[in-house]
Amino acid sequence: MLRPLSIAWIELKRFGADRGALAFGIALPIALFALMYGAFGQGVSFSATANMVDLDGGPVAAELIDRVSAFDGLEVEMLTEAGADAALDRSQILTAVFIPAGFSDRLEAGEPASVLFKRRGSGGDSGQVASQIVQGLAQDIAAEFEIRELVRSRLDGRDVPEAEIVATVGALMEQAGVAPAVAVEVRAVGEEQNVLDRLIPGVLTMFLMFAATISAASIITERNAGTLERLLTTRLSVNQLFVGKFLASSGRAMVQALILLSLAFAVLRVGDAATFAQVVAFSLLISAAVSSLGLVVAGLARTEDQATWGSVFLTMTLTVFSGTFVSVGETGVLAFLSKLTPNKYAIDAIGDILAGSGGLVGQGPEAAILGGIAVVGVLVARVAFRTAQ
Amino acid sequence: MVTNSPSTHLAHEDSGFLTARGLSRSFDGALVVDDVSFSIGRQEIFGLLGPNGAGKTTTIRMLSTVLAPDAGDVTIGGHSVLREADEVRKIIGVCPQELALYEELSARDNLVFFGRMAGLGRREAKDAAAENLGFVGLLDRASDAVRKFSGGMKRRVNIAVALMSRPQLLFLDEPTVGVDPQSRNHIFETILRLRDEGMTLLYTTHYMEEADRLCDNIGVMDHGRLIALDTPVGLKSAIGDPDEVTLEQVFLNLTGRSLRD
Ligand SMILES: Nc1ncnc2c1ncn2[C@@H]1O[C@H](COP(=O)(O)OP(=O)(O)OP(=O)(O)O)[C@@H](O)[C@H]1O
Ligand SMILES: [Mg+2]
């Protein structure tokens, strides 16, 4: 009864001995995760550079520059006037903010002051946004000076020291900034809060499908190489051989799953150790389901090419229609089609575990469906299984 | 057409260690093995000769339980390959014509794995692997991947794998193809030694002098039929002085000079 295990073990050993396959098996997930991390890992937030020229050098100009650089997603790049003009000329930058000489003096004297925006063409999307932000911050500062001036003129004649006016107005402004009268809340629209919660299980399932179907296709290589027939001259029964191949394919998918999930959890920090364990446990079920599908493909295919392309076709079709990359919604034809793919149940279950809702225990229906696919697939594959060329 | 009287074999078929009766098999409507009957006595080296496509490999596949005959039956050690395939597999070893090895694994891993499949325990399989690799002169290369071996070395691994089950009956389908004279001599010695240790062997080859030297009895197949069955001397005597004629002359006499397949 240990023979199927020996078959699975020798197959993993062969996979391990094939440095190329192993490197691909590890390098490709790393590359994929690097891409995903780059695209979605840090959240979709704004970042831009504000190019600023300080011709004033006074305290208010310094204050404005401070506030701009303190703004989330904005970085300040200080330029000289000539440098900024030259860079604009050569399109190295598309916008620049010039703080004119006398800016601080005018504001402190209670007079209106201005800043100058220069832009090339439209200034570019991020340049426009950066300019708007600098404008807003400059207006804030101007408003503060204006208010301070108004307060001072109202208090004119009463014996209030200048320093106290400045301090009180400053404190009040700060308070208003911390607790503004109009609060702004940002809420994500749509069902998915975190794109990674959906993408990780989707990509995981897709990878497992490729791994399992390609490994199952190696049965055809073995059939052609004669080792499959040779095995049958030993005491191994066809059933043991078949079970061994199923375990081998599932085992190889699990190796891939462990690599992928370790990367996902280490690099993208999508959950804690308990979540990791639950996702790995559920991956066992996915591996079994996709392996049985791989064995069906290998059983139906006559040549290695047919098996490989059958695997690619099956994996891609199921991936696309499951809604791995494009949301298929809750109703309609696409939603119905997605329910015919094992990927959908894997994605739903692992997505739930990642999102922290339900955990492993809550995935009963999905587990039942994937288990059913595994059982039916294995039975169909056993009928299609051929050992001789 | 059987040119030689089938002498002892058919007459004593029930006492043979292997007895094939009326074996037939077609592929896609073409009769590839046609009513073949013969028997092999214990501790005998039996040569199965014939031009390309004569049906030798197909016959061996039926004898070794992996291909079901359309008609006929075979008993090996008293067990029918049709009804007691499991029992038959316990006592046979097969060295297939095409190399059937895991190239990315070491020679030792190949032997141990097939030994495990033949029912040996871990320790047993490891010991037997070392013994058999020594037997074919490859013990010093045991840890190397088969992929890195020369063609002749792979042939020897292919034979060593077949010995892992400690078979009573060993099928060797063209074991000396593509092998240099040194290795071939080594394989001859191996075969004779195995026979002396009690093994029965069925052997196919296209080298007539090889068959002449090794085989106790020879069957010649052509177009799926067994057309001659005798000792090497018996076959040669049929066309002249057995000391003068070669087995190759007998072979060409029997099977004609036209090209096959
Ligand atoms: N699986 C198969 N499907 C179809 N035809 C087959 C199959 N196996 C063998 N044949 C045909 O049966 C005939 C006998 O083949 P076989 O391999 O038994 O010959 P052989 O005597 O071993 O030849 P060789 O000396 O070249 O190895 C050939 O014509 C071959 O094409
Ligand atoms: Mg052959």
Side-chain angles (χ1 to χ4, degrees), chain A residues 1-25 214-215 217-249 251-252 255 302 304 385-389, chain B residues 27 57-58 60-68 76 81 85-106 108-122 125 143-148 154 158 161-162 164-167 169-171 173:
Chain A
M1 278 314 98
L2 290 174
R3 277 180 212 144
L5 286 177
S6 293
I7 290 180
W9 170 242
I10 210 76
E11 186 134 327
L12 287 181
K13 212 166 170 177
R14 288 171 62 204
F15 180 49
D18 185 347
R19 298 279 144 72
L22 201 62
F24 267 101
I214 287 171
S215 127
S218 74
I219 288 180
I220 296 172
T221 322
E222 263 206 71
R223 198 157 67 203
N224 295 342
T227 43
L228 219 50
E229 180 161 316
R230 179 165 215 168
L231 282 171
L232 289 184
T233 64
T234 68
R235 297 191 192 189
L236 189 72
S237 71
V238 180
N239 281 328
Q240 285 174 330
L241 179 58
F242 179 77
V243 171
K245 287 296 170 192
F246 175 69
L247 291 179
S249 166
R252 194 166 142 174
V255 170
R302 288 288 179 272
E304 276 175 75
F385 187 63
R386 282 167 298 125
T387 51
Q389 236 173 305
Chain B
F27 285 118
T57 299
T58 305
I60 290 182
R61 290 177 70 205
M62 290 191 283
L63 300 179
S64 59
T65 78
V66 291
L67 182 69
I76 297 176
V81 296
D86 289 346
E87 292 303 313
V88 170
R89 285 176 189 159
K90 288 179 188 169
I91 55 177
I92 62 169
V94 183
C95 175
Q97 177 173 2
E98 307 291 342
L99 295 171
L101 302 167
Y102 296 109
E103 298 250 337
E104 58 281 71
L105 294 182
S106 71
R108 183 189 295 111
D109 281 348
N110 269 282
L111 264 68
V112 169
F113 173 66
F114 280 104
R116 300 280 284 148
M117 293 302 111
L120 304 186
R122 274 183 64 80
S143 308
D144 288 358
V146 170
R147 169 169 40 82
K148 296 181 187 159
K154 288 180 187 175
N158 206 33
V161 166
M164 285 301 290
S165 60
R166 304 201 173 119
L169 170 62
L170 179 62
F171 297 99
D173 198 354

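Each chain gets a letter, A, B and so on, in the order its sequence line appears, and its residues count up from 1. Side chains are part of it too, since the values below use all heavy atoms of this structure and drop only hydrogens, waters and symmetry mates.
For the pair Thr65(B) and Leu232(A), the minimum side-chain heavy-atom distance is 4.5 Å or more. Counting only heavy atoms from C-beta outward, the side chains of Arg230(A) and Asn158(B) approach each other to under 4.5 Å.
Taken to the nearest 0.5 Å, the NZ atom of Lys90(B) stands 12.5 Å off from the OG1 atom of Thr234(A). With values rounded to the nearest 0.5 angstrom, Ser64(B) atom OG is found 6.5 Å from Glu229(A) atom CD. Residue Thr227(A) holds its OG1 atom at 6.0 Å from CZ of Phe114(B), rounded to the nearest 0.5 Å. For the atom pair CG (Asp86(B)) and CG (Leu236(A)), the distance works out to 10.5 Å, reported to the nearest 0.5 Å. Note: Asn224(A) CG to Glu98(B) CD = 11.0 Å, rounded to the nearest 0.5 Å. Rounded to the nearest 0.5 angstrom, Phe171(B) CZ and Thr233(A) OG1 are separated by 9.5 Å.
A salt bridge is absent between Lys13(A) and Glu104(B): the closest approach of a Lys/Arg side-chain nitrogen to an acidic carboxylate oxygen does not fall below 4.0 angstrom.
Using a 4.5 Å cut-off between heavy atoms, Leu241(A) makes no contact with chain B at all. Residue Ala145(B) does not touch chain A at all, counting heavy-atom pairs closer than 4.5 Å. The parts of Val161(B) that come within reach of chain A are both its backbone and its side chain, each placing non-hydrogen atoms under 4.5 angstrom from that chain. Using a 4.5 Å cut-off between heavy atoms, Leu67(B) makes no contact with chain A at all.
Comparing Ser106(B), Ser165(B), Pro96(B) by how many heavy-atom pairs each has under 4.5 Å with chain A, the most go to Pro96(B).
Proximity of a side-chain donor or acceptor of Arg89(B) to a complementary backbone N or O of Arg235(A) within less than 3.5 Å is not detected.
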Given side chain to side chain contact (heavy atoms under 4.5 Å, CB included), test Arg3(A) with Arg116(B) step by step and report yes or no.
-> CA-CA 7 Å; Arg3(A) 277 180 212 144; Arg116(B) 300 280 284 148; over 6 Å; no

